[in-house]
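The structure appears below as structure tokens.
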Amino acid sequence: MTTSTSTNSAQPTAARLDFGRSAPKAFRALIAFDAAAREGLDPALVELIQIRSSHLNHCAYCLHMHTGDARKAGESEDRLHMVAVWREARHFFTEREQAALALTDAMTLVADAGVSDDLYAWAAEQFDERELAQVIALICTINTWNRVALSTGKVAGTDER
């Protein structure tokens, strides 16, 4: 008997594991990595990176959480709406933010084309070495959080922090 399963199901049909409870050491390590990655970065930039990665990964749970965090931090609705189409709406974002968003795109979709030398050089012009390392680490953490949320069936609007 052959069964058909959808790999793109928008909503899980059965309860899934609680990652934090089931893998507490890994969960705490990810929280620590996330906190270390954010250290010293502008909170608005942090949220833009997290929102963009969540768009690309189709992670509604994280997208809802980070757009809410961005609003609480004073981010404008105009900019929040433009993150998904930032390349067509560059005037909403500083050159530094654009470089971070471009790096987020490349790292999130790394299997497509990698991170080009030109993109890396542009990002390196916008951030000092420590900041660039922090941005790279942050992009890694949000991609990991997106994957955890998607694989464990987190539901948008149920922020469990």
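Please read these numbers as outputs of a predicted model, since none were measured by experiment.
The environment of D112 atom CG is dense: over 12 non-hydrogen atoms of other residues, nucleotides or ligands sit within 6.0 angstrom.
Judged as a salt bridge (charged side-chain N to carboxylate O under 4.0 Å, His left out), the pairs with a partner in residues 87-100 (not counting sequence neighbours) are, in order, R79-E97, R87-D105, R96-E131. Pairs of residues two or more places apart, or lying in two chains, that qualify as ring-ring contact (aromatic ring centres under 6.0 Å, His included) and include a residue from residues 23-56 are F27-W145. Every pair tested for salt bridge (charged side-chain N to carboxylate O under 4.0 Å, His left out) that includes a residue from residues 118-129 fails, sequence neighbours excluded, so the list is empty.
Residues satisfying the side chain to side chain donor-acceptor pair (under 3.5 Å) test with S54, not counting sequence neighbours, are N146. Taking A133 as the reference, nothing meets the side-chain contact (heavy atoms from CB on, under 4.5 Å) condition, with sequence neighbours excluded. R71 pairs by the salt bridge (Lys or Arg N to Asp or Glu O under 4.0 Å) definition with E77, not counting sequence neighbours. For A29, there are no side-chain contact (heavy atoms from CB on, under 4.5 Å) partners, not counting sequence neighbours. By the ring pair (Phe, Tyr, Trp, His ring centres under 6.0 Å) test, Y120 pairs with no residue at all, sequence neighbours left out. By the side-chain contact (heavy atoms from CB on, under 4.5 Å) test, A36 pairs with no residue at all, sequence neighbours left out. Listed by chain and residue number, D42, E75 satisfy the side-chain contact (heavy atoms from CB on, under 4.5 Å) test with A44 (two or more places apart in sequence, or in another chain).
In this structure, A100 and L45 approach most closely via the heavy-atom pair CB-CD1, 3.6 Å.
Residues V46 and L48 are members of separate hydrophobic clusters, defined by side-chain heavy-atom contacts under 4.5 angstrom among Ile, Leu, Val, Met, Phe, Trp and Tyr.
Hydrophobic clustering, defined by side-chain heavy atoms of Ile, Leu, Val, Met, Phe, Trp and Tyr closer than 4.5 Å, groups L56 together with L109.
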